[in-house]
Amino acid sequence: MVWTWRFEKADGAETTPAVEPEEFTTQGDAESWIGEVWKELLDGGAEQVTLFEDDTLIYKKSLSAAAEA
């Protein structure tokens, strides 16, 4: 299993991330990484992210909402 992030603008269009991700072997590793770099991603233009396990969509997360919390 491979866990990957998709980086999107507010309208759902894919965008290039400000921080280059890797492929993760666990969901926890993927989530830890996003927790460390989400501010840089948001500053770079990604407003939301989608987590995939292989080709299966797991969930979407708003980086903008995290900034407002």
Could you pull out all residues at least two apart from Q27 that satisfy side-chain hydrogen bond (donor to acceptor under 3.5 Å, both in side chains)? E31

Pairwise distance CG(L42) to CD(E47) - rounded to 0.5 angstrom: 7.0 Å

Show which residues join L57 in its hydrophobic cluster (side-chain heavy-atom contacts under 4.5 Å, direct or indirect), or state none. F52

For L63 versus A46, what's the shortest heavy-atom pair and its separation? CD1-O, 3.5 Å

Those residues that, when tested against K39, pass salt bridge (charged side-chain N to carboxylate O under 4.0 Å, His left out) (two or more places apart): none

Does CG belonging to D55 count more than 12 external heavy atoms closer than 6.0 Å? no

Those residues that, when tested against D29, pass side-chain contact (heavy atoms from CB on, under 4.5 Å) (two or more places apart): F24, T25, T26

Measuring from atom OG of S64 to atom CD of Q48, what distance do you get when rounded to the nearest 0.5 angstrom? 8.0 Å

Pairs of donor and acceptor atoms involving the side chains of residues 9-19, under 3.5 Å and at least two apart or interchain, shall be tabulated with distances.
residue	atom	partner	partner atom	Å
D11	OD1	A13	N	2.9
E14	OE1	R6	NH1	3.1

Could you tell me the separation between the CG atom of L41 and the CD atom of E8, rounded to the nearest 0.5 Å? 12.5 Å

Minimum heavy-atom distance between A30 and W5, given as atom pair plus value: O-NE1, 3.0 Å

I would like to know whether Y59 and T50 meet side chain to side chain contact (heavy atoms under 4.5 Å, CB included); could you show each step before the answer? CA-CA 6 Å; Y59 65 81; T50 303; over 6 Å; no

side-chain contact (heavy atoms from CB on, under 4.5 Å) filter on E23, not counting sequence neighbours, yields V2, T4

